[in-house]
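Below you'll find the structure, written out as structure tokens, and then a few comments.
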Amino acid sequence: MFHEYNPSSVEAKWQKLWEKEHVYDFDLAKAKDPYYMTVMFPYPSGANLHVGHWFQYSIPDSYGRFLRMRGKDVFFPMGFDAFGLPAENYAIKTGTPPAISTKQNADTMVDQFKRMGVMVDWKYSLNTSDPSYYLWTQWLFLEMHKHGLAYKKLGNVNWCPKDQTVLANEQVWDGKCERCGTEVTQKPLDQWYWKITDYTQRLLDGLDDLDWPKKTKIMQRNWIGRKEGIDITYAIKDSSEKIVCFTTRPDTNFGATFIVIAPDHPFAKKISAEEIPSAHQKEVKDYAVVTAKKTEMERQAEGRKKTGAFTGYYAVNTLNNREMPIWVSDFVLANFGTGAVVGVPAHDLRDFEFASAFELPIIRVVVGPDGDTSPVTSVAQVQEEAGTMINSDFLDGLPILEAKEKMKDHMEKKGWGKRIVSFRLRDWLVSRQRYWGAPIPIVYDPEGNPHPVPEEHLPWLLPTDVEFKPTGKSPLTDSKEFIARTEKIFGKGWTPEFDTMDTFVCSSFYYLRYLQQCHGEVRSSATNHDTLIDKAMEKNWMPVDLYIGGPEHACMHLIYARFVMMALHDQGVVSHDEPFKKLVHQGLITNQGAKMSKSKGNVVSPDTFVEKYGSDAFRMFLMFMGPFEQGGDWSDTGIKGIVRFIDRLWKTLNAEKKPDSPDVKAALHRTIKKVTEDIEALHFNTAISALMELLNLIEKEGGCSLETSKIISILLAPLAPHLAEELWQLLTKPTSQQANKPTNFVINQPWPTFDPSLLQSTTMTIAIQVNGKVRGDIVVDATDSKEEILTKAKELENVKKYLDGATIKKEIYVPNRLISFVV
RNA sequence: GCCAUGGUGGCGGAACGGUAUACGCGCGCGACUCAAAAUCGCGUUCCCGCGAGGGAUUGAGGGUUCAAGUCCCUCCCAUGGCACCA
């Protein structure tokens with residue numbers, strides 16, 4: 001009598017034994033065939049691991065197990081991205097210091113990861129809020145500062161009135177705070193920036209060689225936004241002022257009929273302030289006031305309805321001496337390009353809309369695709385992409401691409417313009433007026449000049465004597481200890497920088513620190529034993545072979561990390577300049593089509609399922625839902641199929657052995673092939689269905705051999721590590737001496753190989769088509785010749801019916817698959 | 001508007017240009033049971049037909065091919081990202 005499979009006790013037993021026998025202990029220094037894979041580290045939130053976490057971490061764990069069994073030394077570390085606003089908000093609400101709540105949460109999550117059964121060696125773990133970690137966040141800041149990549153700049157920044165914090169442009173969504181959804185306003189503040197713009201071209205070029213999803217590369221390219229164009233300087237009639245317009249389409253300049261500047265463009269400001277006389281001063285000023293009040297949302301709601309005000313001035317187009325009225329309008333933004341646009345209404349949609357709204361002239365300078373040379377009077381006629389020049393003097397007859405270059409040459413020669421490559425990407429604002437982050441290691445002398453905190457004072461500890469309540473100032477301003485510490489070290493009147501760093505800084509280099517967290521030993525730079533990363537280790541392990549994470553990070557984290565790696569490379573700290581060789585995005589697990597989130601209240605907890613069916617069943621169920629890169633919609637009904645599969649497997653592999661039938665033998669080798677290829681491609685869903693098919697066959701045949709059972713338990717090991725271990729141990733019946741020896745664990749067994757000669761059964765089924773329609777099938781021996789098979793096919797009753805009285809024009813034979821008659 | 005991805009049974013999803021709907025869920029019928037659950041067996045894309053069989057079918061419509069879910073063109077819908085970016 002065999003007992004039923006009891007997942008909770010079996011899983012607990014093996015988890016305990018694996019830990020005791022150090023089955024998943026890892027030694028970076030001893031690896032022979034290093035493979036570094038990691039998943040974007042989680043934020044230790046108060047909620048437990050949710051279904052999304054299970055999906056995101058357990059499936060890569062299975063992949064890592066598979067690679068390990070194929071001989072790779074797989075390093076699969078896990079850490080916590082612990083700084084950030086949620087813990088601070090929680091502190092504001094409850095008074096619990098973030099250091100305590102995040103530590104608790106992280107500890108709970110580690111227990112849950114252990115319950116999941118991941119092959120993580122926790123001695124390589126890290127937590128970005130730990131001083132032993134943020135010392136390196138601070139070191140990185142100093143490094144950037146030393147190399148001129150960190151600078152201070154006063155400027156309008158996005159301000160979230162609710163969070164009382166500044167947001168990077170990249171963190172503003174729809175004019176609202178990325179995290180809390182509050183409408184963002186503008187506020188001038190003195191901030192630290194990192195010069196990511198020094199690396200725009202390299203960030204762009206580097207993408208070519210990365211094994212990343214095409215989609216992500218395109219998104220980054222668009223985000224960086226390289227544009228080749230020209231700055232054209234226009235003189236203004238009756239004024240000594242000039243206006244510079246950036247354009248990518250100088251070829252259409254003979255069709256320019258007006259100029260639009262931003263309401264807060266210097267020229268418009270001067271008119272408003274009456275520094276420059278204008279009969280339209282009031283309109284311009286009023287328009288600027290109205291625009292300043294408008295939120296991003298309101299502007300969007302207005303859609304494409306164009307508004308504006310005439311300045312009373314004209315710019316002169318030197319090409320044809322045309323006088324172009326200068327307008328102000330809110331569709332032109334002061335901080336983009338030069339804050340001024342030259343309007344070519346016949347060949348730009350927005351310009352056309354503007355010209356239509358204010359009855360400005362529209363001149364066609366590009367012939368339409370159908371040879372249309374009539375005046376442009378409707379949106380449909382606006383031609384933006386291709387065509388031949390017309391009404392453009394020396395450009396006439398040229399295709400636009402050629403005309404573009406010819407015009408640029410012409411303008412540069414005449415001194416009217418200058419070629420410019422512009423990028424959309426802007427410098428990275430790293431200052432945060434928040435408590436729960438790494439303090440910026442800068443102090444100010446009594447005159448207010450910034451000085452780096454010398455390295456021996458790192459970690460520059462985050463003070464604890466602060467109020468968490470947002471006051472509009474940085475919370476660290478409250479700390480008496482922080483100020484006293486600064487004065488004690490640097491002298492009377494010196495003050496610390498009160499801002500902390502953006503958490504994207506913490507996550508921009510953590511993949512390096514995993515490699516340096518040796519055996520739990522926390523070393524500080526103060527004693528000069530530690531470096532950010534050991535050079536030999538970095539050389540051997542970087543870049544990360546496989547990085548897994550959500551596509552939402554395509555434009556922020558994944559660009560920052562690349563920038564930091566490039567900067568460190570240039571500074572001689574690391575030998576590689578790209579952090580992630582291969583990137584995979586896991587799909588999103590939704591609930592009833594919506595993203596799971598606390599605010600929506602549709603978060604599914606895995607705990608009850610894991611309790612009832614075990615970690616293996618839950619993991620396999622998530623894998624079986626669909627392709628890893630696709631994700632899927634949560635439904636709890638399907639888990640039964642996996643539970644049945646496990647029970648049947650248990651029953652069948654523990655049953656009395658019998659020799660494999662030829663069919664079972666062939667099926668086994670086909671399954672080895674399919675499971676291997678599918679896991680390689682991260683197609684876990686089809687790998688599992690292949691195993692199900694094999695089991696179905698074995699059940700039908702009444703059993704299989706011991707050897708086959710063992711192979712199945714090995715194939716199962718990456719997918720259901722606990723079940724596979726239990727089966728393996730029962731099947732191999734280790735002596736007490738062998739038991740629990742590292743070599744005896746299933747994870748240490750070599751991955752099975754298949755025999756290509758055994759893949760094919762002795763007979764095969766061939767489908768017969770007549771004129772493309774399937775009319776039947778025949779079973780033939782694998783050794784039959786084409787002629788024999790064709791003859792057999794023609795004898796088939798249902799095929800005969802269609803062939804009689806017709807002449808066969810063509811016979812197509814696809815080996816092993818089908819015959820197609822064309823009559 | 002632009003870019004990307006996707007659209008296949010009642011549902012999750014399979015399918016080197018080669019028998020569309022594997023595998024699983026659900027459902028139906030049967031076995032076991034006093035009964036139910038569990039388990040096992042059979043069936044299950046839709047329409048017509050007692051059946052043999054026939055017809056239709058991968059968002060819609062065209063095209064290439066002996067053969068198209070797969071390749072090409074036009075369009076529709078959904079999701080994600082970006083957006084008056086000059």
Side-chain angles (χ1 to χ4, degrees), chain A residues 4 173-174 213-223 225 227 229 245-249 260 262 296 299-300 302-306 329-333 335-344 348-351 353-354 384 422-424 426 550-552 554-555 585 587-588 590 593 595 620-621 624-627 629-642 644-645 647-648 651 683 685-696 699 765-777 797-798 801 808-823:
Chain A
E4 296 225 329
W173 292 357
D174 249 4
K214 215 176 98 201
K215 156 188 170 174
T216 314
K217 289 189 185 185
I218 291 169
M219 276 165 79
Q220 281 212 356
R221 284 199 185 101
N222 292 343
W223 191 266
K227 273 208 169 69
C245 297
F246 176 78
T247 179
T248 57
R249 294 295 309 275
V260 185
E296 202 78 15
R299 281 210 215 173
Q300 254 172 11
E302 284 167 13
R304 296 199 159 266
K305 218 186 286 164
K306 293 290 179 287
S329 178
D330 61 5
F331 81 85
V332 177
L333 306 177
N335 56 348
F336 259 99
T338 57
V341 181
V342 52
V344 185
D348 181 279
L349 200 56
R350 289 165 314 145
D351 293 351
E353 287 161 348
F354 193 80
E384 298 198 25
S422 83
F423 292 93
R424 185 184 172 279
R426 292 190 245 168
E552 68 273 16
C555 294
H585 295 303
L588 192 67
T590 54
K595 194 172 166 174
M620 275 211 276
F621 172 52
F624 194 57
M625 267 174 61
E629 283 159 276
Q630 194 182 299
D633 198 53
W634 172 260
S635 120
D636 52 13
T637 54
I639 197 165
K640 269 196 181 160
I642 294 291
R644 277 182 202 146
F645 173 59
D647 287 341
R648 283 166 48 206
K651 213 181 282 180
H683 293 165
N685 52 336
T686 46
I688 292 172
S689 53
L691 287 165
M692 286 174 167
E693 282 178 82
L694 178 63
L695 178 64
N696 289 346
E699 282 182 341
T765 309
I766 302 246
I768 319 294
Q769 289 185 349
V770 180
N771 282 346
K773 286 218 179 284
V774 180
R775 294 302 176 188
D777 48 42
E797 206 43 52
N798 202 41
K801 201 162 86 188
I808 298 172
K809 279 199 236 158
K810 217 167 178 181
E811 293 172 347
I812 294 152
Y813 172 58
V814 182
N816 307 344
R817 291 199 181 269
L818 62 71
I819 287 169
S820 183
F821 293 114
V822 184
V823 299

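This structure is a prediction, so every number in the text was calculated from the model and none was measured. Order of the sequence lines sets the chain letters (A, B, ...), proteins ahead of strands, with each chain counted from 1.
Residue A:Phe246 comes nearest to A:Thr338 through the heavy atom pair N-OG1, 3.3 Å, listed as atom of the first residue, atom of the second, then distance. Closest heavy-atom contact between A:Ser329 and A:Val260: CB-CG1, 3.5 Å. Minimum interatomic distance between A:His585 and A:Glu629 (heavy atoms only, all atoms of both residues): O-CG, 3.3 Å. Considering all non-hydrogen atoms of both residues, A:Ile642 and A:Phe621 come closest at CG1-CA, 3.8 Å. When all heavy atoms of A:Val344 and A:Asp351 are compared, the pair lying nearest together is N-OD2, 2.9 Å. In terms of heavy-atom proximity, A:Leu818 sits nearest to A:Ile766 at CA-CG2, 3.7 Å.
Look at the P atom in both B:G49 and B:G63: the space between them is 33 Å, to the nearest Å. If you take atom P in B:C72 and the same atom in B:C27, they sit 41 Å apart, rounded to whole Å. Atom name C1', nucleotides B:G61 and B:C42: the rounded distance is 41 Å, in whole Å. Rounded to a whole angstrom, the distance from the P atom of B:U8 to that of B:G13 is 9 Å. Between the C1' atoms of B:G53 and B:A14, the separation comes to 28 Å (whole Å). Comparing the P positions of B:G7 and B:U58 gives a spacing of 13 Å, expressed to the nearest Å. Annotation: B:A20 and B:G41 have their C1' atoms spaced 27 Å apart (nearest Å). Taking atom P in both B:C16 and B:G69, the straight-line distance is 13 Å, to the nearest Å.
One can place CD1 of A:Ile218 at 14 Å from C1' of B:G80, the figure rounded to the nearest angstrom. A straight line from CG of A:Asp777 to P of B:G18 spans 18 Å, rounded to a whole angstrom. Regarding A:Lys801, its NZ atom lies at a distance of 8 Å from the C1' atom of B:A52, rounded to whole Å. In this structure, the CZ atom of A:Phe621 is 11 Å from the P atom of B:G26, given to the nearest Å. The separation between A:Ile768 atom CD1 and B:U19 atom C1' is 10 Å, rounded to whole Å. Regarding A:Asn696, its CG atom lies at a distance of 7 Å from the P atom of B:C23, rounded to whole Å. The nearest whole Å value for the distance from the NZ atom in A:Lys640 to the P atom in B:A37 is 10 Å. Here the C1' atom of nucleotide B:G24 and the CD1 atom of A:Ile639 are 13 Å apart, to the nearest Å.
Neither OP1 nor OP2 of B:C23 sits under 4.0 Å from any side-chain N or O of A:Asn685. Residue A:Arg424 places no side-chain N or O under 4.0 Å from the OP1 or OP2 atom of B:C82. Under 4.0 angstrom from either OP1 or OP2 of B:A15 there lies no side-chain N or O belonging to A:Arg817. Contact annotation: A:Asn798 side-chain N/O to B:G54 OP1/OP2 distance is under 4.0 Å. Of the side-chain N and O atoms in A:Arg221, none sit less than 4.0 angstrom from OP1 or OP2 of B:A4. Dashed line: the shortest gap from a side-chain N or O of A:Asn222 to OP1 or OP2 of B:A83 is not under 4.0 Å. Between B:G13 and A:Gln630, a contact under 4.0 Å exists linking OP1 or OP2 to a side-chain N or O. Residue A:Lys773 has a polar side-chain atom (N or O) positioned under 4.0 Å from OP1 or OP2 of B:A56.
The partner of B:G26 is B:U44, judged by Watson-Crick or G-U wobble contacts that both fall below 3.5 Å. Remark: B:C82 base-pairs with B:G1; criterion is Watson-Crick or G-U wobble with both hydrogen-bond distances under 3.5 Å. B:U70 is unpaired under the Watson-Crick or G-U wobble criterion, no partner having all donor-acceptor distances under 3.5 Å. Nucleotide B:A15 forms no Watson-Crick or G-U wobble pair with any nucleotide shown, as no partner meets the under 3.5 Å limit on both distances. B:U39 is paired with B:A31 under the criterion used here, namely a Watson-Crick or G-U wobble arrangement in which both key atom distances are under 3.5 Å. Pair assignment for B:C50: none, as no Watson-Crick or G-U wobble contacts are both less than 3.5 Å. If you check B:U57 for Watson-Crick or wobble pairing at under 3.5 angstrom, you find it has no partner at all.
If you check every strand for non-hydrogen atoms under 4.0 Å, A:Ser422 touches nothing. Residue A:Pro627 is in sugar-phosphate contact alone, with no base atom involved, counting any heavy-atom pair closer than 4.0 Å across all strands shown.
In the set B:G18, B:A14, B:G24, B:G18 carries the atom at the smallest distance from any side-chain atom of A:Leu818.
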- Would A:Lys217 and A:Arg221 satisfy side chain to side chain contact (heavy atoms under 4.5 Å, CB included), going step by step from the backbone distance to the final call? CA-CA 6 Å; A:Lys217 289 189 185 185; A:Arg221 284 199 185 101; 4.0 Å; yes
- Just do the side chain to side chain contact (heavy atoms under 4.5 Å, CB included) check on A:Val822 and A:Ile808 with the steps written out, would you? CA-CA 6 Å; A:Val822 184; A:Ile808 298 172; over 6 Å; no
- Message: What verdict does the side chain to side chain contact (heavy atoms under 4.5 Å, CB included) test give for A:Ile768 and A:Val774, after you've listed the backbone C-alpha separation in whole Å, the side-chain angles of each residue and the deciding distance to 0.1 Å?
- Response: CA-CA 6 Å; A:Ile768 319 294; A:Val774 180; over 6 Å; no
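Taking 90° from 0 as the syn/anti boundary, the base of B:G9 is oriented syn.
Under the 3.5 Å distance criterion, the side-chain polar atoms of A:Asn685 are left unmatched by any main-chain donor or acceptor of A:Met625.
Under the side chain to side chain contact (heavy atoms under 4.5 Å, CB included) criterion, A:Thr686 pairs with A:Lys674, A:Asp678, A:His683, A:Ser689, not counting sequence neighbours.
Between A:Ala767 and A:Ala340, the residue whose closest nucleotide on RNA chain B is further toward the 5' end is A:Ala767. In terms of position on RNA chain B, the residue among A:Thr248 and A:Ser689 whose nearest nucleotide sits closer to the 5' end is A:Ser689.
Here the straight-line distance linking atom CG of A:Leu695 with atom CD of A:Glu699 works out to 4.5 Å at 0.5 Å rounding.
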Anything under 3.5 Å between a protein N or O and an N or O of nucleotides 39-49 of chain B, put it in a table, one pair a line.
{"residue": "B:U39", "atom": "OP1", "partner": "A:Arg644", "partner atom": "NE", "Å": "3.3"}

Anything under 3.5 Å between a protein N or O and an N or O of nucleotides 61-68 of chain B, put it in a table, one pair a line.
{"residue": "B:C66", "atom": "O2", "partner": "A:Ser820", "partner atom": "OG", "Å": "3.4"}

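Residues A:Arg424 and A:Asn222 bring no donor and acceptor atom of their side chains to less than 3.5 Å of each other.
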